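Contents: one structure, followed by commentary.
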Amino acid sequence: MRWDMEKRDFRGLTRNSSDHIAGSLNRFTLAYEGKHAHLEKPFLESHSLYYLQQARSAGVIAFLLYLAFGLADALWAPEHRLVLWFVRYVVFAPCLLAILLFCFSRWFKWQHMQPIISLVMTLTAISIIMMMVIIAPKLYSLGLIIVALINYTCIGARFVWASLTGLVILICFIIALVYIKTDAITLTVNIFLTVSIMLIGMFACYSIESDARHNFLLSHLLRKEHDNIKALNIGLEEKVLERTAALKDAYEKLVAEMEERVSAEARLLESEKRFTAISETAQDWIFSKNKDMRYTFVNPSMCRDIGLPASEILGKTSSNTFDQQTAAKLSEMDKAVLGGEVINTDLTIHLGGQQKIVNIVKVPMTDESGRFIGLSGIVRDITQRKAMEESIMRAEKLDTIGVLAGGVAHDFNNLLMGMYGHVSLMLFNMDTKDKYYERLKNIESCIIDATGLTRQLLGFARGGKYEIQPTDLNLVIKKTASMFWRTKKEIRIILELEDVRMSEVDRGQVEQVLMNLFINAWQAMPQGGDLTISSQNKAVDEALAKDHGVAAGRYIEISVSDTGIGMSKATMKRIFDPFFTTKQQPRGTGLGLSSAEGIVKNHGGFITVSSKEGVGSSFSVYFPASKNAAIVEPASSSGLGYGTETVLLVDDEALPLKAARDMLAALGYNVLEADSGKKALEIFKEKRQSIDLVVLDMIMPDISGGRLFELIKGQDPSVKVLLASGYSMEGQVAATIQKGCNGFIQKPFGLEKLSKEIRRVLDEQ
């Protein structure tokens, strides 16, 4: 119906459009009249905006051509070129340029377009006519033809304005011809030719504007008819909605009546055979009870899980089937269901010595008169689903806290960078007997401890590995255990180390993991005890790998066992949660085990734990094995590295930037500093011949360190670059190093570390 109406209205609109348009335009000015007079201003605005960009582009091109044709002045009339250029470049070109700039300015409005077009055309024609009067060559009259063509066609001039402009140009042209005393024949031919061009142009302009106005009016009429049709459709839709609502009410009443009838018929036509077939194949429990809460039906799945045959369950209550606590909860539910409630809830029950989480659905059963005669129910084991949900929620919580911890650690590292740098400078060449020396060393020690805390935060946030290399984990275990024993001699350390494969790890972070596990064991043995540390090669199968989200294969297992107080099951579930601790402050921060887990997982490994209260705990750490040979750590050299080279220091944070600048200056380097990537590019472009090294921060707001590295290398591929960041050698840093970066230094750093790294990069061939 709606389509037929739209089709009929469109045919009527098409048939009557000529009548509408014919009586709506003034045949001389083409302005809208009568009932369509209100369309005049919208049309003028639409028409002007449609041709605005085209007119601007044409104006720019025409102005450039107007300037370029100054060359023709010198060719056609070299003896008059100075006069012609005066007219072209001094008198008219500035006027035309001013008008053109106004067209691109914020003061320009669409109402200015037609007057400006006429003014530009008139000024251009007058300048051509003046040059023609000066030298009277015939070729200059061609310029008037071009002006006329532009005036009437491509720039969107309206018929009235274009005709007025053409008339002014024609009059000026005739006056010029008479002024230069053109002979009668030439005068007649020029007038005839010019008038012909003007008439043809006016006809073309008239046709173009007439078509544009017709199309605008037709579009307006179509929109109007479309709005009418839309309003009609809305009215029809409202009526349909009213009718639909009435039908829906009737349908709901009918459905209610049908449900009552179906329910009655279902009770009467219940098929024992069909119900038995369904219940026997179901993995869920299906049962029913009478109003005395005694079982009247149980399916085989329920009998199998409870461990009793149906004969020992039927006719009995929950108290005869389940433990006292579970039976009490089930009986309370049964009473509510027999009172008319529908139960859908989760419940923890004890079954066969195990704790299960089940979803229970119970609904009341009624007879034909509506009296409650019993209940039926379904029980589904959701233990695994609940465990998976808890695992997912824990993972999401840890990821969220990890992002926060990583950001806090990064910002904190910048603050520590400033403090560490300035303390290093104060200690630089200070006499050890100075009264402030010991205090500054204490501050430096506190900063180093705080650096360890930020590394724990980054480790928990899985903030990456800093220096990965094939490592003999036994050597790391021996070194860390020796350091720990020097401070905790009340603990007896037992090493049971086998010959294990290499592993691709960050040695510093592995030491941090081991130290956290050792400290956790020490805190569990306040009166002392045995700490057993073992290592062995281990093959992780698909099942174990799947449980921990890693790849199956060869691993190195490191076990750390203590004889401490042990942990309860509730504590074991939370030991890897951030900020969870059973120790009183300040003995525990709650970050040790969570950061250890983050570090191990970031290396592609996993941690398992077993514990028994009063006996002790055992942590097993698994790192993926590697086929590469171990890299021997070079002996660390003492002393500072000095230099006189020029270093460009780039960091968007003021505090670490100033600290690093002062340290480099103290070491003798010539320092150029930039607090943004943009400023660094400017300095490097200006002074790249004298810059020997760029120390580059990775995280900056305007241009990232990785992108800035590419831009600098693009200007000078031989320049040496040292990356500095509070984050790790993964992600952007690793990618940048692979592209040819010369080194990485982790914030915060002191004077000695900075001096050695700077000299290493500068002295590297």
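In this text, all values refer to a predicted model and were calculated from it rather than measured experimentally.
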Provide the closest heavy-atom pair for [X] versus [Y] in the form atom of the first, atom of the second, distance.
X      : Y      : answer
Cys741 : Val721 : SG-O, 3.2 Å
Leu722 : Gly743 : CD1-C, 3.4 Å
Ala551 : Ala545 : C-CB, 3.9 Å
Cys103 : Arg56  : O-NH2, 2.7 Å
Lys109 : Arg106 : NZ-O, 4.3 Å
Lys685 : Gln715 : CA-OE1, 3.6 Å

Close side-chain approach of [X] and [Y], heavy atoms under 4.5 Å:
X      : Y      : result
Met525 : Thr563 : yes
Leu657 : Glu673 : yes
Val550 : Tyr555 : yes
Leu97  : Leu101 : yes
Asn670 : Thr644 : no
Glu496 : Thr532 : yes
Met502 : Thr471 : no
Leu681 : Ile703 : yes

Residue from [options] passing side-chain contact (heavy atoms from CB on, under 4.5 Å) with [X]:
X      : options                : answer
Val621 : Leu517, Val510, Val560 : Leu517
Ile477 : Asp472, Val500, Ile533 : Ile533
Leu672 : Val650, Leu648, Val647 : Leu648
Asp697 : Leu649, Asp652, Asp675 : Asp652

**Request:** On the 0 to 90° scale, with breaks at 30° and 60°, tag the His603-Phe623 ring pair as parallel, tilted or perpendicular.
**Result:** perpendicular
**Message:** Tell me whether the rings of Phe108 and Phe102 are parallel (<30°), tilted (30 to 60°) or perpendicular (>60°).
**Reply:** perpendicular
**Complete:** Those residues at least two apart in sequence (or on a different chain) that pass ring-ring contact (aromatic ring centres under 6.0 Å, His included) with Phe518 are Phe484
Nearest 0.5 Å please: distance from the [atom1] atom of [X] over to the [atom2] atom of [Y].
X      : Y      : atom1 : atom2 : value
Arg501 : Ser503 : CZ    : OG    : 11.0 Å
Leu696 : Ile745 : CG    : CD1   : 13.0 Å
Leu495 : Asn474 : CG    : CG    : 9.0 Å
Asp651 : Ser676 : CG    : OG    : 11.0 Å
Arg688 : Ser718 : CZ    : OG    : 9.5 Å
Ile565 : Lys612 : CD1   : NZ    : 15.5 Å

**Message:** Applying side-chain contact (heavy atoms from CB on, under 4.5 Å) to Val540 and Phe606, what does each step give before you reach the verdict?
**Reply:** CA-CA 11 Å; Val540 175; Phe606 60 95; 4.2 Å; yes
**Request:** Run the numbers on Tyr622 and Thr608 for side-chain contact (heavy atoms from CB on, under 4.5 Å), then give the verdict.
**Result:** CA-CA 8 Å; Tyr622 294 82; Thr608 62; 3.9 Å; yes
**Request:** State whether Tyr642 and Arg759 meet the cation-pi test: NZ (Lys) or CZ (Arg) under 6.0 Å from the six-membered ring centroid, and within 45° of the perpendicular axis.
**Result:** no
**Check against side-chain contact (heavy atoms from CB on, under 4.5 Å), Ile599 and Asp506** = CA-CA 9 Å; Ile599 292 170; Asp506 180 320; over 6 Å; no
NZ/NE/NH1/NH2 to OD/OE distance under 4.0 Å, [X] and [Y]:
X      : Y      : result
Glu710 : Arg707 : yes
Lys678 : Glu682 : no
Arg492 : Asp530 : yes
Lys756 : Glu752 : yes

**Asked** Taking it one step at a time, do Leu497 and Lys478 satisfy side-chain contact (heavy atoms from CB on, under 4.5 Å)?
**Response** CA-CA 9 Å; Leu497 306 180; Lys478 291 176 182 177; 3.8 Å; yes
**Request:** Apply side-chain hydrogen bond (donor to acceptor under 3.5 Å, both in side chains) to Glu645 and Tyr669, showing your working.
**Result:** CA-CA 5 Å; Glu645 291 88 347; Tyr669 294 100; 4.6 Å; no
**Request:** Using modelled atom types only, decide if a donor and an acceptor are shared between the side chain of Thr480 and the backbone of Met515 within a distance under 3.5 Å.
**Result:** no
**Prompt:** Does Lys720 reach the main-chain N or O of Asp692 with its side chain, forming a donor-acceptor pair under 3.5 Å?
**Reply:** no
**Message:** Are more than 12 heavy atoms, taken from residues, nucleotides or ligands other than Asp499, located less than 6.0 Å from that residue's CG atom?
**Reply:** no
**Within 6.0 angstrom of Arg760 CZ, more than 12 heavy atoms from elsewhere** = yes
**Fill in**
Residues at least two apart in sequence or cross-chain that pass side chain to side chain donor-acceptor pair (under 3.5 Å) with Asn537, listed by chain then number, are none
**Request:** In sequence, state the C-alpha distance, the side-chain angles, and the governing distance for Ser626 and Glu504, and then conclude on side-chain hydrogen bond (donor to acceptor under 3.5 Å, both in side chains).
**Result:** CA-CA 6 Å; Ser626 170; Glu504 301 273 353; 3.2 Å; yes
